[in-house]
Amino acid sequence: MFPDHLLDKLNDEQLAAVTLPDEPALILAGAGSGKTRVLTTRIAWLIQQGRVSPSGILAVTFTNKAAKEMLARLGAMLPINLRGMWIGTFHGLCNRFLRAHHRDAGLPQTFQILDSADQLSAIKRLLKGLNVDDQKYPAKNLQHFINNCKEEGLRAEKTPAHDPQSRKFVELYEEYDRQCQREGVVDFAELLLRSYEVLLANEPLREHYQRRFRHILVDEFQDTNNLQYKWLKLLGRQASVFAVGDDDQSIYAFRGANVGNMAAFERDFRVQHLIKLEQNYRSYSNILDCANELIANNGNRLGKNLRTTRGHGEPVRIYESMTDQQEAQWLVDEAQNLIAGGKSRSEIAVLYRSNAQSRVIESALFKAGIPYRVYGGLRFFERAEIKHALAYLRLMENPHDDTAFLRVVNFPARGIGARSMEQLSDIARERQCSLHQAVPYLSGKAGKTIGDFVTMVDGLRFETAGLRLPEAVDQMLETSGLRAHYRAEKEGQERLENLDELVNAAANFISDDGMVSGIAGAKGFGLSGSEQAALAEGAGFDATGGGQGDAGFGADGLAAGGGADGLASDGGPAIADGAIALVPDADGVLDLPIPPLAAFLAHASLEAGDNQAEAGQDAMQLMTVHAAKGLEFDVVFLTGLEEGLFPHENAAAETSGLEEERRLMYVAITRARERLYISHAQTRMLHGQTRYNVRSRFLGELPEGCCKWLTPRISGYAAQQAGSVKAGWKRDWKESRSTGWEELGEYDAKAARRADIPDTGGGPVPGWVQKQQASDAGLRLGQSVRHAKFGEGVVTNIEGSGSDARAQINFRSAGSKWLALSVAKLEPL
Ligand code: ATP
Ligand code: MG
């Protein structure tokens with residue numbers, strides 16, 4: 001029986017969405033309105049009602065973390081096994097698909113995944129090998145070009161090129177693909193494009209999956225890119241596609257996401273049901289009002305309202321520090337108080353716009369002894385020593401992986417010089433083979449030393465064949481000399497610990513009962529022997545999900561993905577450690593699992609590993625705002641609210657960029673359930689430079705009545721505009737067109753004193769005057785202007801008055817400049 005109370009808790013619109021008939025539907029709703037909850041409950045409801053079996057469901061989430069959480073919630077709702085359900089990110093799902101159909105895709109089953117750093121180094125290597133001038137064709141630009149093409153679904157031969165520069169790019173794109181194919185590696189965008197192409201080209205396979213996936217559910221739909229959308233269209237031709245999204249949270253346009261997919265979806269799928277959810281269940285209204293007022297500054301919105309019944313809650317706390325270090329220290333002190341008051345650490349999140357900000361915060365947390373976990377950023381699996389270790393593992397798995405070969409052939413140092421490697425590369429190029437295959441043709445001392453390296457790796461592959469995964473990793477660390485290398489290094493202790501942690505990660509990946517789990521939170525879903533038996537018998541739920549058609553694919557089977565391939569599908573099918581077992585899925589179809597090492601390596605590429613706190617330990621959560629999408633926390637610290645940082649300087653010059661930054665700010669604010677802190681620092685060390693910062697314009701867009709300043713606001717016009725003028729007033733200020741600022745409500749001298757501003761008895765304070773002068777000059781913060789010489793820009797600060805008035809303008813091409821308003825002729829746009 002479906003537990004009724006799960007439906008009881010839903011409001012009318014949510015209930016309608018959960019129980020919609022099997023037709024395409026779009027749920028459009030703001031943050032915290034229960035979109036993800038509705039999607040998850042719908043899956044449970046569909047299965048429980050017998051409308052579909054778990055294997056007939058394909059659910060797409062935005063992060064692995066979200067997939068895990070969804071799976072855990074489903075597990076709590078449904079007392080059945082969810083094996084056979086495909087749930088994960090687009091990348092994770094495509095990885096699973098390609099493993100299962102690697103032959104159709106023309107890939108080795110153990111293909112390796114290149115993350116973006118690996119991809120960049122593969123491109124650099126390509127350019128070097130082809131003697132391409134990297135000034136003229138920078139590797140990074142080529143990387144962007146290739147990824148953009150792939151995300152548009154374009155192969156090199158189909159990519160239009162009208163000038164010599166783009167023709168060269170196209171040619172290099174083709175070469176790059178050839179190199180990847182030769183080495184058996186696949187980049188992130190390729191995962192999607194390749195599986196799309198396989199589906200397109202292979203009719204029986206396509207029909208099989210179209211029949212199988214009766215229900216496709218997509219969370220965070222606003223951030224799908226064009227290729228993902230095409231993939232969905234292809235796969236979902238016969239399915240009920242259920243998409244949930246929020247245009248105000250579209251924050252990946254810079255990576256090709258297309259919010260226009262929402263409108264396209266409505267049209268292409270002939271959506272019958274468009275449901276809006278307007279009640280926010282997450283946040284108190286002070287937090288929600290901040291988010292609503294902020295986002296109202298954006299144009300082109302689809303338009304939604306959000307209301308909450310949770311009451312006002314506490315005001316949003318705003319803090320200004322002198323330096324970034326002081327900001328971090330304050331944050332740690334506040335967090336410590338909260339923790340001492342009983343708040344669990346995992347309910348406290350620290351968000352930042354840019355990864356580089358985390359270092360100072362991490363160091364303050366470390367000093368205070370507070371466990372924390374960083375999501376994204378320099379992830380565990382991206383650290384240099386871990387990448388070295390993974391390169392050895394990759395070579396053990398696939399000796400032709402040239403990227404891995406080059407990374408460790410001389411690490412630890414073996415006296416192999418650049419010249420020897422060039423010789424080897426030349427041979428490989430001539431013979432169109434991998435570096436590994438080229439070694440026997442290399443003569444002399446170089447041939448001997450590199451030959452020894454190859455023998456060592458080949459020996460490792462052989463010796464570890466019968467070992468459990470963690471033991472194999474351990475042995476590799478010894479034999480390769482990696483451990484010895486870091487042991488000898490003066491500051492190598494932390495790196496050694498990380499290497500040990502890799503052994504632990506391998507051990508966790510293979511769970512206690514010898515099954516691949518890869519997902520801590522989903523271990524409970526691992527199958528015991530008796531469960532497998534039960535499943536093989538059909539386990540008592542309606543197998544309508546295309547079970548019949550599956551039989552035809554028994555040979556290739558379905559990937560036994562689970563945690564193994566970075567998907568949170570089901571905590572892992574039963575892959576006996578070290579052995580390969582065939583296990584029937586819910587439809588009785590045999591799964592062909594991939595070997596544990598290959599699975600582990602795929603997991604390392606796809607999963608944002610984290611290592612700072614031990615698994616299961618209660619730890620504070622650190623992440624970029626991008627990574628926080630879809631998540632929620634009792635307490636959120638949102639740091640670094642400074643012009644140039646947030647909104648980011650690369651984005652602020654253009655309206656579309658600025659609006660995306662504002663949506664990002666909207667996402668950040670709406671992560672908080674109970675308490676939100678926003679902070680900014682007057683100076684900050686970033687990328688080795690001290691920056692003198694102006695407070696972010698976004699602070700000025702928050703309703704004053706919902707905020708409380710923890711520090712006096714004294715710096716510059718922006719500060720007064722945002723705060724101290726108004727702090728003396730108990731109630732709101734309202735901007736009136738005719739008079740500039742207009743005071744409302746009753747003057748509160750005590751509040752003025754508390755906020756440390758001059759007690760003027762309610763008379764005008766300097767900010768008021770300045771505001772008027774700024775209005776006289778026809779300028780406001782955030783306004784776009786044109787200068788005869790510098791071109792277009794955005795006003796980021798205004799200071800002084802009368803003939804002294806000056807404005808800081810961030811020009812699109814000329815950068816940031818202070819201009820005297822009495823002299824500079826600025827034309828408002
Ligand atoms: P986002 O846009 O940030 O992804 P969302 O729309 O997906 O947000 P959810 O994460 O599903 O929102 O829900 C927000 C919070 O509100 C969750 O804690 C969820 O459990 C809770 N919630 C949703 N609907 C209800 C309800 N009907 N009753 C009580 N709590 C609810
Ligand atoms: Mg959500």
Side-chain angles (χ1 to χ4, degrees), residues 3-19 25-45 59-74 76-77 87 89 217-224 242-252 259 262 275-285 287-288 290-292 294-295 301-302 304-311 313 346-347 349 351 621 623 625-636 638 663-674 676:
D4 278 341
H5 62 273
L6 287 174
L7 292 183
D8 284 352
K9 280 197 186 160
L10 302 174
N11 66 35
D12 292 348
E13 293 84 24
Q14 290 177 328
L15 182 66
V18 165
T19 56
L26 177 62
I27 313 300
L28 172 66
S33 57
K35 293 183 297 298
T36 304
R37 179 164 168 159
V38 161
L39 190 146
T40 312
T41 314
R42 177 160 171 89
I43 296 176
W45 183 80
V60 189
T61 60
F62 206 76
T63 58
N64 288 310
K65 192 170 174 5
K68 281 178 217 169
E69 282 181 13
M70 193 175 287
L71 195 66
R73 281 192 208 157
L74 278 171
M77 288 185 209
I87 172 168
T89 62
L217 303 97
V218 190
D219 201 2
E220 308 277 2
F221 187 75
Q222 75 280 358
D223 273 326
T224 48
F242 186 88
V244 312
D246 176 6
D247 57 312
D248 288 331
Q249 294 187 68
S250 143
I251 55 175
Y252 278 93
V259 69
M262 295 182 90
I275 295 189
K276 294 192 176 185
L277 309 175
E278 303 206 308
Q279 168 127 7
N280 173 294
Y281 287 93
R282 182 178 291 148
S283 314
Y284 285 110
S285 72
I287 296 172
L288 205 58
C290 281
N292 284 338
L294 175 100
I295 201 67
R301 303 172 56 220
L302 295 178
K304 294 168 281 47
N305 294 317
L306 267 185
R307 50 175 203 280
T308 178
T309 50
R310 285 197 72 183
S346 57
E347 278 304 336
L351 307 185
Q621 317 269 309
M623 66 196 84
V625 180
H626 278 102
K629 202 163 76 142
L631 307 180
E632 59 185 23
F633 308 91
D634 285 351
V635 180
V636 169
L638 175 54
R663 290 194 292 271
L664 201 51
M665 178 75 180
Y666 173 82
V667 169
I669 294 173
T670 52
R671 298 310 97 199
R673 287 195 196 102
E674 294 168 5
L676 174 63

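Both ligands and their constituent atoms are indexed starting at 1 by order of listing.
- Between E632 and ligand 1, at least one pair of N/O atoms sits closer than 3.5 Å.
- Distance check, rounded to the nearest 0.5 Å: CG of L302 to CD of Q222 gives 10.5 Å.
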Using the rule given for side-chain hydrogen bond (donor to acceptor under 3.5 Å, both in side chains), can you reason through T308 versus Q279, listing the C-alpha separation, both sets of side-chain angles and the distance that settles it, and then say yes or no? CA-CA 6 Å; T308 178; Q279 168 127 7; 5.8 Å; no
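- For atom 29 (C) of ligand 1, the closest non-hydrogen atom on the protein side is Y281 CD2, 3.6 Å.
- Looking only at distances, no side-chain donor or acceptor of R671 sits under 3.5 Å from a matching main-chain atom of F633.
- When the heavy-atom distances from atom 23 (C) of ligand 1 to Q249, R37, E13 are ranked, the shortest goes to R37.
- Under 4.0 angstrom from ligand 1, the non-hydrogen atoms of R671 all belong to its side chain.
- Classification of R301 and D247 as a salt-bridged pair fails, no side-chain N sitting under 4.0 Å from a carboxylate O.
- Ring centroid separation for the pair F221 and F242 does not come in under the 6.0 Å cut-off.
- For L10, the closest heavy-atom approach to ligand 1 falls below 4.0 Å.
- Side-chain contact check for Q621 versus M623: some heavy-atom pair is nearer than 4.5 Å.
- Of all atoms in ligand 1, numbered sequentially from 1 with element shown, those under 4.0 Å from a heavy atom of G630 are 4 (O).
- Residue contacts with ligand 1: K629 is excluded, as none of its non-hydrogen atoms falls under 4.0 Å.
- Nearest to atom 10 (O) of ligand 1 among the protein's heavy atoms is R282 NH2, 3.1 Å.
- Between the side chain of S285 and the main chain of L288, no donor-acceptor pair closer than 3.5 Å is present.
- In terms of protein heavy atoms, atom 24 (N) of ligand 1 is closest to Q14 NE2, 3.0 Å.
- Taking each of K9, K35, Q222 in turn, the one with a heavy atom nearest to atom 2 (O) of ligand 1 proves to be K35.
- Note: an N/O pair closer than 3.5 Å links G32 and ligand 1 by distance alone.
- We find that K35 and E220 are not joined by a salt bridge, their nearest charged nitrogen and carboxylate oxygen being 4.0 Å or further apart.
- Checked against a 3.5 angstrom limit, the closest N/O atoms of L631 and ligand 1 fall outside it.
- Scanning G34, A66, S283 for the heavy atom closest to atom 13 (O) of ligand 1 points to G34.
- Here the closest heavy-atom approach between residue L294 and residue I669 is recorded as CD2-CD1, 4.4 Å.
- Between R673 and ligand 1, no N or O atom pair is found at a separation short of 3.5 Å.
- For ligand 1 and G30, the ligand atoms under 4.0 Å from any heavy atom of the residue are 6 (O).
- Of the charged side-chain nitrogens involved, at least one lies within less than 4.0 Å of a carboxylate oxygen, so that K304 and D248 count as a salt-bridged pair.
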